[in-house]
2 protein chains.
Amino acid sequence: MPDRAPVAAPVPAGDPAAAFARHDHARCAATAREVTARACAERGLRLTEIRARVLAILCESHAALGAYDVLDRLREDGRKAQPPVAYRALDFLVVNGFAHRIERLNAYIACGHPGDDHAPAFMICRSCRRVAECAAPAAAAALSPQAAAMGFEIERVVVEAEGVCPDCRASARETGGETGA
Amino acid sequence: MPDRAPVAAPVPAGDPAAAFARHDHARCAATAREVTARACAERGLRLTEIRARVLAILCESHAALGAYDVLDRLREDGRKAQPPVAYRALDFLVVNGFAHRIERLNAYIACGHPGDDHAPAFMICRSCRRVAECAAPAAAAALSPQAAAMGFEIERVVVEAEGVCPDCRASARETGGETGA
DNA sequence: AAGTGCAATGTTACAGGGTAACGTCATGCC
DNA sequence: GGCATGACGTTACCCTGTAACATTGCACTT
């Protein structure tokens with residue numbers, strides 16, 4: 001589903017609410033790609049053609065894409081790509097902080113703050129699959145005391161909220177039905 | 001991997017630390033099964049033979065089991081079970097709060113507080129797959145303000161910390177190697 | 001230029017996770 | 001008995017992910 005946003009006021013790209021609000025998405029996507037390219041150059045990472053293409057595909061919308069969705073898009077380009085091609089590019093982007101894996105969906109989104117070291121949380125719309133990336137250090141931090149008490153060493157925290165985005169809530173009200181797709 | 005716990009002091013069953021600490025697991029498992037059975041009786045839910053068997057399988061250890069692991073165990077009983085059999089039983093247990101799905105692992109564990117309405121967080125050992133269930137209302141609550149600000153309606157929050165449990169940390173130190181399996 | 005090493009890509013083949021759809025069976029209710 | 005409902009049995013399939021190995025391209029050395 002494309003990024004429709006009929007109601008909310010415009011927000012700047014990079015804002016957590018951007019995924020669910022009207023914004024200049026062309027600029028939003030271009031910025032993400034440029035920032036990623038710059039970060040790669042600075043850190044000696046090779047943003048190859050395939051990797052850049054996969055990033056561009058993810059940047060096209062704020063909806064999470066499965067690896068096979070990405071693979072299909074690569075094939076539409078005329079490539080005869082096999083699954084590892086998509087997974088390798090996605091791994092590169094995720095490992096280096098240019099994209100995120102959404103565990104709940106087994107899917108991927110472009111990062112809203114590429115290159116930054118951050119502890120993201122996600123708001124996932126179960127109706128349109130769009131995902132908003134938020135900074136939520138408090139959520140992860142809330143686990144530290146308990147981890148310490150039991151001697152558990154935390155390496156990574158997944159925080160994913162599932163629900164319904166403002167647009168899909170509005171659609172549901174209009175049709176008088178439930179919010180499910 | 002079985003529930004080894006060579007170091008920590010005993011803890012009561014139901015304690016968040018139980019998964020990673022020495023405890024009377026036979027009693028821990030029996031309690032979970034009994035509490036679940038009672039909750040089903042009270043709420044008019046049918047804890048059928050298959051469902052009870054799947055719960056018992058999950059209760060055998062604090063390690064997360066994949067649906068196909070459960071399926072294999074069912075087949076060892078002599079059943080000729082197909083995947084939907086395992087998934088239906090697991091769905092029943094998860095929906096009614098008697099088991100949890102660990103998104104990070106695509107796997108399942110028995111609930112430590114069956115029947116209670118709670119907002120669990122999980123500590124997942126990436127080495128032995130054991131999972132400790134914690135109460136972490138603060139983690140989920142930390143997202144509410146941002147969700148409200150963007151008009152997102154949260155229905156469920158997944159909080160999963162991945163890392164290394166005390167036992168596996170100790171093992172890693174002994175062998176002088178990394179913590180990976 | 002030839003040689004070497006490494007990172008990335010190409011390709012095959014398969015393992016693991018999950019579900020739609022339909023038929024059958026048991027249970028409880030009128 | 002007749003009926004509705006929920007659980008189970010079974011088939012067939014789709015989606016997700018990876019091991020393993022071949023090949024290519026690039027950078028750096030000698």
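Computation of the quantities below employed the complete heavy-atom set of this structure, encompassing side-chain atoms and omitting hydrogens, waters and symmetry-equivalent molecules. Below, chain A is the first sequence line, B the second, and so on; all start at residue 1.
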Q: Send over the distance from A/L71 CG to D/dT18 P, rounded to a whole Å.
A: 14 Å
(Q) For B/G66, is there any backbone N or O sitting under 3.5 Å from a side-chain donor or acceptor partner on B/D69? (A) yes
(Q) Quick test of your reading: applying side-chain hydrogen bond (donor to acceptor under 3.5 Å, both in side chains), list the pairs with at least one residue in residues 36-48 of chain A, sequence neighbours left out, ordered by first then second residue. (A) none
**Q.** Set of salt bridge (charged side-chain N to carboxylate O under 4.0 Å, His left out) partners for A/R104, sequence neighbours left out
**A.** A/E162, B/E103
(Q) Expressed as a whole number of angstroms, how long is the span from A/I50:CD1 to D/dG25:P? (A) 12 Å
Q) Rounded to the Å, how far apart are B/D77 CG and D/dG9 P? A) 12 Å
Q. In B/S/- notation, 5' to 3', how is nucleotides 14-19 of chain C contacted by protein heavy atoms closer than 4.0 Å?
A. ---BBB
**Q.** salt_bridge(A/R73, A/E60) N-O dist < 4.0 Å
**A.** yes
Q | Sidechain-backbone polar pair: B/E133 side chain, B/G112 backbone, donor-acceptor under 3.5 Å | A | yes
Q | Atom pair distance, as rounded to whole Å: CD in B/E103 and C1' in D/dG17 | A | 17 Å
**Q.** Nucleotide D/dT16, atom P - distance to CZ of A/R104 in whole Å
**A.** 14 Å
(Q) Check this for me, if you would: do A/R79 and A/E49 make a salt bridge, where the nitrogen-to-carboxylate-oxygen distance has to be below 4.0 angstrom? (A) yes
Q) For the pair made of CZ in B/R51 and C1' in D/dG9, what is the distance, rounded to whole Å? A) 15 Å
**Q.** Backbone N/O of B/H23 and side chain of B/H25: donor-acceptor pair under 3.5 Å
**A.** no
(Q) Suppose we screen for ring-ring contact (aromatic ring centres under 6.0 Å, His included). Which residues come up paired with A/Y108, at least two apart in sequence or across chains? (A) none
Q. How do A/Q82 and A/A89 order along DNA chain C: which one's closest nucleotide is nearer the 5' end?
A. A/A89
Q) Excluding sequence neighbours, so at least two apart, what forms ring-ring contact (aromatic ring centres under 6.0 Å, His included) with B/F122? A) B/H100
**Q.** Rounded interatomic separation in angstrom, taking CZ from B/R88 and C1' from D/dT10
**A.** 9 Å
(Q) At a heavy-atom distance below 4.0 Å, what parts of residues 41-49 of chain B sit against DNA chain C? (A) none
Q | Nearest-Å distance for atom pair CZ/P, residues B/R79 and D/dT10 | A | 12 Å
